[in-house]
Amino acid sequence: MDSIQMRAYAKINLALDVTGRRENGYHDVRMVMQTISLFDKLTIRPIVKDELIVANSHGFLPSGKGNLVYDAASLFLNTLGSKQGFCIELEKHIPIAAGMAGGSADAAAALLGLNELFHAPFSKKELHSLGLSLGADIPFCLTGGTALAEGIGEILTPLPAPPACKVLIVKPPIGVSTKFVYENLRLDETTEHPDVDGMLRALEAGSYRKLVSRLGNLLESVTTLHYPEISAIKEQMLSLGADGALMSGSGPTVFGLFQDARKASEAYYQFKTGQYGSQTFLTDFHCSQK
């Protein structure tokens, strides 16, 4: 059995709405999810010993249970009934705890890579089921591209790819608890929901202008109250020429969309040489489906 290298692509939310709360505490969502070309790298290598080793480029990440790569690989092997040992090397580039599904993308890449090494014992549907048992974002990360996600995020409908543009990513050096954000989200008759249907129409029409006018994330109503840095980054992006800017997921990462590549490069330089430094990236949409 040979080794394999996989790319785990980050995601952003072009639109994110929360439509209700279930009795079990989970929330029903309607999200337009989009992969971008920022990615982590996984190298999956079989070893002689009957053990699973996960080595990562960030020493503060767990290497055993609690690391989504380890959990995904362990689940895959146990479900398959395999005693084959593996070493998985994880090279991180996606910011951690950023609202960009970095951990979920890594887990999805581990599932896809192992499935390829074992000559596809599991169907796409079965991989989705395995992934969903570990996290609601993993099914999307298994397919990537552009999709409407409903339910708790696991019901996926492929969408047309958005018009090409540059995507500026900036993550402030703060931690945001997803649990805290959802627990403090108010859903009542006064809640202003983002126009997800309008975003769907913009994608169907292939209209960049309509797309940037429909960017919306309901979770901003909670996160920006507690972390004003997020609003400040959005405002700075717009002042530097972004056509639209939005927080991704539950935050704290902010992305800006630019059709003017020169303005995007200049904005990237301004943020990269400022206080956000290493947590600033200039990328684009990654629209191919796995």
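- When the side chains of ILVMFWY residues are joined at heavy-atom separations under 4.5 Å, either directly or via intervening members, Met31 and Val196 end up in two distinct hydrophobic clusters.
- Taking the six-membered ring where the residue is Trp, Phe180 and His226 present perpendicular rings, their angle passing 60° and hence far from 30°.
- Taking each heavy atom of Ala149 and Met33 in turn, the nearest pair found is CB-SD, 3.6 Å.
- Note: Gln270 CD to Ser239 OG = 9.0 Å, rounded to the nearest 0.5 Å.
- Side-chain contact between Ile44 and Ser3: absent, with no pair of heavy atoms (C-beta onward) separated by less than 4.5 Å.
- Other residues, nucleotides and ligands contribute at most 12 non-hydrogen atoms within 6.0 Å of the CD atom of Glu192.
- To the nearest 0.5 Å, atoms NE2 (His286) and OH (Tyr9) are separated by 4.0 Å.
- Ion pairing between Asp197 and Arg30 holds under the 4.0 Å rule for side-chain N and carboxylate O.
- Taking each heavy atom of Pro252 and Ala97 in turn, the nearest pair found is CD-O, 3.5 Å.
- Taking 4.5 Å as the limit, some side-chain heavy atom of Phe86 sits within range of a side-chain heavy atom of Pro46.
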Residues Val170, Phe255; criterion side-chain contact (heavy atoms from CB on, under 4.5 Å); working and verdict:
CA-CA 6 Å; Val170 177; Phe255 67 88; over 6 Å; no
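- Judged purely by atom type and a 3.5 angstrom limit, Asp243 uses its side chain to pair as donor or acceptor with the backbone of Gln259.
- Not a single donor-acceptor pair under 3.5 Å links the side chain of Ser104 to the backbone N or O of Ala101.
- At least one side-chain heavy atom of Leu159 sits less than 4.5 Å from a side-chain heavy atom of Leu200.
- Note on Asp106 versus Lys92: salt bridge recorded, some NZ/NE/NH1/NH2 to OD/OE distance being below 4.0 Å.
- Within the 3.5 Å criterion, the main-chain N or O of Lys171 finds no donor-acceptor partner in the side chain of Thr253.
- Put simply, the side chain of Gln84 gets close to the backbone of Ile47: a donor and an acceptor are under 3.5 Å apart.
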In sequence, state the C-alpha distance, the side-chain angles, and the governing distance for Asp71 and Lys65, and then conclude on salt bridge (Lys or Arg N to Asp or Glu O under 4.0 Å).
CA-CA 6 Å; Asp71 294 343; Lys65 291 182 179 179; over 6 Å; no
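- Looking only at side-chain heavy atoms (C-beta outward), Leu240 and Glu266 stay at 4.5 Å or farther from each other.
- By the 4.5 Å heavy-atom criterion applied to side chains, Val167 and Leu282 are not counted as neighbours.
- In this structure, the side chain of Asn78 engages the main chain of Ser74 through a donor-acceptor pair within 3.5 Å.
- Residues Ser37 and Asp284 bring a donor and an acceptor atom of their side chains to less than 3.5 Å of each other.
- A distance-only check finds no donor-acceptor pair linking the side chain of Thr146 to the backbone of Gln34 [under 3.5 Å].
- A salt bridge does not link Asp40 with Arg7: every distance from a Lys NZ or Arg NE/NH1/NH2 to an Asp or Glu carboxylate oxygen is 4.0 Å or more.
- Leu114 and Leu134 fall within a single hydrophobic cluster, where Ile, Leu, Val, Met, Phe, Trp and Tyr side chains are chained together by heavy-atom contacts under 4.5 Å.
- Using modelled atom types and a 3.5 Å distance limit, the side chains of Lys11 and Asn13 yield a donor-acceptor pair.
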Step by step, work out the side-chain contact (heavy atoms from CB on, under 4.5 Å) result for Met237 and Phe271.
CA-CA 9 Å; Met237 283 186 178; Phe271 279 101; 3.7 Å; yes
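- Taking CG from Leu14 and CG from Asn217, the interatomic distance works out to 10.5 Å, rounded to the nearest 0.5 Å.
- With values rounded to the nearest 0.5 angstrom, Glu116 atom CD is found 10.5 Å from Asp2 atom CG.
- When hydrophobic clusters are built by joining Ile, Leu, Val, Met, Phe, Trp and Tyr residues whose side-chain heavy atoms come closer than 4.5 Å, directly or via intermediates, Ile12 is not grouped with Phe140.
- By the 4.5 Å heavy-atom criterion applied to side chains, Leu16 and Leu219 are counted as neighbours.
- For Val29 against Ile152, the heavy-atom pair with the smallest separation is CG2-C, 3.9 Å.
- The nearest pair of heavy atoms linking Leu225 to Ser221 is CD1-O, 3.3 Å.
- Glu126 CD: more than 12 foreign heavy atoms inside a 6.0 Å radius.
- Classified by interplanar angle (parallel below 30°, tilted 30° to 60°, perpendicular above 60°), the ring pair Phe76/Phe122 is perpendicular.
- Looking only at side-chain heavy atoms (C-beta outward), Ile36 and Phe281 stay at 4.5 Å or farther from each other.
- Of the possible donor and acceptor atoms, none in the side chain of Thr43 sits under 3.5 Å from a partner among the backbone N and O of Gln5.
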Let's go through Val222 and Arg186 carefully: what are the C-alpha distance in whole Å and the side-chain angles of both, what is the deciding distance for side-chain contact (heavy atoms from CB on, under 4.5 Å) to 0.1 Å, and is it a yes or a no?
CA-CA 8 Å; Val222 177; Arg186 187 180 70 178; over 6 Å; no
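- For Lys210, the NZ atom counts as loosely surrounded, since its 6.0 Å shell holds 12 or fewer non-hydrogen atoms of other residues, nucleotides or ligands.
- We find the CG-CD1 distance between Leu246 and Ile230 to be 10.5 Å, quoted to the nearest 0.5 Å.
- Here the closest non-hydrogen pair linking Gly175 and Tyr227 is O-OH, 3.3 Å.
- Counting only N and O atoms by type, the side chains of His93 and Glu91 include a donor and acceptor under 3.5 Å apart.
- Taking a cutoff of 4.0 Å between a charged side-chain nitrogen and a carboxylate oxygen, Lys234 and Glu220 qualify as a salt bridge.
- Checked by atom type and distance alone, the side chain of Thr273 pairs as donor or acceptor with a backbone atom of Tyr269 at under 3.5 Å.
- When hydrophobic clusters are built by joining Ile, Leu, Val, Met, Phe, Trp and Tyr residues whose side-chain heavy atoms come closer than 4.5 Å, directly or via intermediates, Val181 is not grouped with Met100.
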Step by step, work out the side-chain contact (heavy atoms from CB on, under 4.5 Å) result for Leu112 and Met6.
CA-CA 8 Å; Leu112 289 167; Met6 303 294 294; 3.8 Å; yes
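- We find the OG-CG distance between Ser250 and Leu218 to be 12.5 Å, quoted to the nearest 0.5 Å.
- Cluster membership check: Leu156 does not share its hydrophobic cluster with Phe285, using side-chain heavy-atom separations under 4.5 Å among Ile, Leu, Val, Met, Phe, Trp and Tyr.
- Of the possible donor and acceptor atoms, none in the side chain of Tyr182 sits under 3.5 Å from a partner among the backbone N and O of Arg21.
- Using a cut-off of 4.0 Å between Lys/Arg side-chain N and Asp/Glu carboxylate O, Asp50 and Lys83 are scored as not salt-bridged.
- Looking only at side-chain heavy atoms (C-beta outward), Thr283 and Leu168 stay at 4.5 Å or farther from each other.
- Here the closest heavy-atom approach between residue Gly131 and residue Pro139 is recorded as C-CD, 4.4 Å.
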